[in-house]
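Reviewing the structure listed below.
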Amino acid sequence: MPELPEVDAVKESLNRQIRGKTIRQVTVYWPPMVKVPEDRKQFEEMLQSQTVQNISRMGKFMIIHLDDYALVSHLRMEGKYFFMEEEGPKDKHTHVLFLFDDGTSLHYNDVRKFGTMHLFDKGTENAHKPLVLLGPDPIDDRFSAEYMHERLQKTTRRIKTVLLDQSVVAGFGNIYVDETLFRAGIHPERLGTSLSEKEVGRIVDEGRKVIREAMGAGGSTIRSYARSDGGKGEFQNRLFVYGQEGNPCPNCSRPITKTKVGGRGTHLCYHCQE
DNA sequence: CAGCTGCCCTGCGGGC
DNA sequence: TGCCCGCAGGGCAGCT
């Protein structure tokens, strides 16, 4: 399940592989994943003859910048890009196929079909959903203790739920939220309003650190995540609580517990997080 | 209008 | 062995 560090690694590998390439043809095999424009044929035609300028990222969204358009891509849980030197072979989970002028291709593959694509006129992408709704990245200076404390005072929600809200901060998913709250020593069910400025400061610091460390490790390869060049991340070996239920807490050796918070599987140490 | 629930979708693993 | 059910979960529509 790609979160910010994994999406960033995919962005980097795509920049190495497809920047400067011109699209000969695009085929959409699963039309519901293309949200804008609604008509799949129109999407395919707009992309024809467009050259890839570069690929950027906002939160967990990737933006493929073309001559005249911006293609906003979200991988959700299982979305992956495969770059190939040839046109194929296409497998049964490839839902969008980009064929380039030089005979290479890019396959968007997604077993769960949850991923989305939006195509906007160049320069307008930030003014439309979904990007317009995003808060700052965790590695953005705007993600500060003051900002978070203010946001937390205005809500009745629990801290984990707030950190997963992409309009507050864009990039955390279930893995890095659990890791952040463990490192900060904060129980995920604490109400936002109950947190002191000092505690919020710890959450912001640890959140930024865990995201940076995971980016440095190329993300976490959990389930089926891979970059467009097939490379995997290494951070899954450095997770303290996510997926560690029953294993000893690295801090106090008591077993890590798995529970549910806001409908999400949640990993924590009841002794070290309060 | 903030916040919650259900839905999208498929593969996998546990239980019987 | 095979079937069924629950779970995984990000984001958004549609409720309250």
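Sequence lines set the chain letters: A, B, ... in the order given, protein chains first and strands last, and positions in each chain run from 1. Just so you know, these numbers use all the heavy atoms, side chains as well, and skip hydrogens, waters and symmetry mates.
Across all strands shown, T116(A) has no heavy atoms under 4.0 Å from either base or sugar-phosphate atoms. Looking at heavy-atom distances under 4.0 Å, K35(A) makes no contact with the nucleic acid at all.
For N15(A), the side-chain contact (heavy atoms from CB on, under 4.5 Å) partners two or more places apart in sequence, or in a different chain, are K11(A), R19(A), N54(A), I55(A). The ring-ring contact (aromatic ring centres under 6.0 Å, His included) search around F98(A) returns none, not counting sequence neighbours. Residues satisfying the side-chain contact (heavy atoms from CB on, under 4.5 Å) criterion with S13(A), sequence neighbours excluded, are R16(A), Q17(A), R227(A), S228(A), D229(A).
Using a 4.0 Å cut-off between charged side-chain N and carboxylate O, D165(A) and R151(A) make no salt bridge. Note on E213(A) versus K209(A): no salt bridge recorded, every NZ/NE/NH1/NH2 to OD/OE distance being 4.0 Å or above.
Distance L163(A) CG to dG11(C) P: 13 Å, rounded to the nearest Å.
One finds a side-chain N or O of H74(A) lying less than 4.0 angstrom from the OP1 or OP2 phosphate oxygen of dG11(C).
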Between the protein and nucleotides 12-16 of chain C, which nitrogen or oxygen pairs are less than 3.5 angstrom apart?
none

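With no hydrogens or angles considered, a side-chain donor-acceptor pair links Y176(A) and E6(A) at under 3.5 Å.
For residues 240-274 of chain A, the set of pairs meeting the ring pair (Phe, Tyr, Trp, His ring centres under 6.0 Å) definition, not counting sequence neighbours, comprises F182(A)-F240(A), H187(A)-Y270(A), Y242(A)-H267(A).
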Dot-bracket assigned to DNA chain C with the 3.5 Å Watson-Crick/G-U criterion, [ ] for crossing and | for other-strand pairs, is .|||||||||||||||
